[in-house]
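Have a look at this one before I ask anything.
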Amino acid sequence: MSEYYPESHPVWRLFRETPGAGVLAAAPDVYVSEACSPADGAVLRLSVRVGDGLLQQVRFKAFGCPACIACGAWLASQLEGRGTDALVGVSAMTMAEALQLPPARRHCAVLAEEVARELYARLAG
Amino acid sequence: MDTSRPVYLDHAATTPVDPQVIARMQACLGQAGVFANPASVSHAPGRAAAREVEWARQQLAALTRADPRELVWTSGATEAINLAVLGGARFLAGQGRHVVTTAIEHRATLDACRALEAEGFDVSRVDCGDDGCVSPAALAAALRSDTVLVSVMHVNNETGAIQDIHGITEVCQDAGVALHVDAAQSLGKLPIDLSSLPVAMMSFSAHKLYGPKGIGALFLRRRPRARVAPLMFGGGHERGLRPGTLATHQIVGMGEAARIAMQEVDREQAHLAELTERLWRGLESRVGGVSVNGDPARRVPGIINLHVAGIDGEALVAGVPDVAFALGSACTSASTEPSHVLRAMGHDEQHIRASLRFSPGRFTTLTEIDHAVDVLVAEICRLRQLSPLWPQHGQQACSE
């Protein structure tokens, strides 16, 4: 069943405004990761430009429900300008609380945590 | 166009009540109206109410070419289906305990069949093809010597696919098995002639036909006689098959809705065909990647199920509050609930998530469809720009 979000809800704001939406052109300092939710087929892709140990630019793309898109936008806005270690600090629980995700949508935050950790592994690898 | 409320394109879920129906119903409610108990035939007000009930029964009988004595009022199609499937199978249990239905039925039928399984019946569910239709041959192959009942829908509520009821009726007649047809989505939209179509039972709903919610009917053939075991007890109303004081205003509402449908059916179906065609072509020409789920030539004009490549239906429905339409599925953490109909047609999770049902109605205008296309195009383009799955191979990025 589809969720209804009032206009003041953080999910609704991020779904409508989508800060950080887009993709960075391929370059040696650009890293990309993607995660897919096996439960419902949602896909989240994160691309970052790394320099001086910082996530200088962060962009996301998402295919999924409004909560999934909002999680992508929240991730991009939280990570940009921070150190690469911030990727492993991403917590689905923190995200779910910040976005006031209904219990049925918490897997979207788990997907976002997964894509951030996958990206950190690529950077480390 | 009234911009204060969304463009309503979900008439397959329910319809607004026709103003003529409202007027007729109101005349049954107040002290000056026909409010008495139709069973109280010892006094004039009761007899007046009984006449109204029988007038309504005649209207529904005329629309379906049934004998009025073959119609039993129920609280809706769900109850009618339960009475047919549970009551029919239970009554015939002495002859066999096997029931056949299809994989694309409404939940009322599927859940009633599950209840029968809990009682020890065997249930076979016949798959449909990728066109959303069940072949009579596939249904014939599922019949057994102990099959006592077949239950099939006339028009699918998600895709609008028209089932081959004549072919299925022949199969059941040849096998001597009782057939129940769920006609909730076809009443008043397709010709139904029960004087020549030898089904045993047929279920109807008023609220898909601009009548009120809370009223429906079950057709039970008199010759050869279709028998069901009642599900409720207490009063002997409706020949003991459905007890409870008859809701005159609801029944009269369904009768008036049937009367109007008889007058309007041809004009209305042509109007709906124009609306759904305009919606589909409008979207396809402006964003591309829009296709019909099922056979476009074998559906009722008022229901169209579209796959819009590269978008998630739930995001689209949330992003377009100006248009009310239905989804095939929604995501949850515990489990996805994808459309069992689209799944039976062979579609995968992402296809189902990108599928939408539009069902305009009697009062929908071309202007409303054009407005719906405009706002849907804008949101589809926005969501595709956000999507890592778009553009797909062979598709162009869309522009508004």
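All figures in this text were calculated on a predicted structure; none of them were measured in a lab. To find a chain, count down the sequence lines: A is the first, B the second, and so on, and within it residues start at 1.
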Heavy-atom pair of closest approach, residues A:F15 and B:A315: CZ-O, 3.3 Å
What's the spacing between B:L386 CG and A:R45 CZ if we round to 0.5 Å? 12.5 Å
Does anything in residues 53-61 of chain A reach chain B? List residues with heavy atoms under 4.5 Å apart, or say none. A:F60, A:K61
Contacts of B:T364 meeting side chain to side chain contact (heavy atoms under 4.5 Å, CB included) (sequence neighbours excluded), chain-then-number -> B:L9, B:H11, B:L275, B:P360, B:E368, B:I369
To the nearest 0.5 Å, atom CG of B:L316 lies from atom SG of A:C65 at 13.5 Å
Taking 4.5 Å as the heavy-atom cut-off, does anything in residues 16-28 of chain A contact chain B, and if so which residues? A:R16, A:T18, A:A21
Identify which of A:V110, A:I69, A:V43 forms the greatest number of heavy-atom pairs closer than 4.5 Å to chain B. A:V43
Inter-residue atom distance A:F63.CZ - B:R384.CZ, 0.5 Å rounding: 11.0 Å
Approximate separation, where rounding is to 0.5 Å, of A:C36 SG and B:Q350 CD: 6.0 Å
Close contacts, residues 73-80 of chain A versus chain B, judged by heavy atoms under 4.5 Å: none
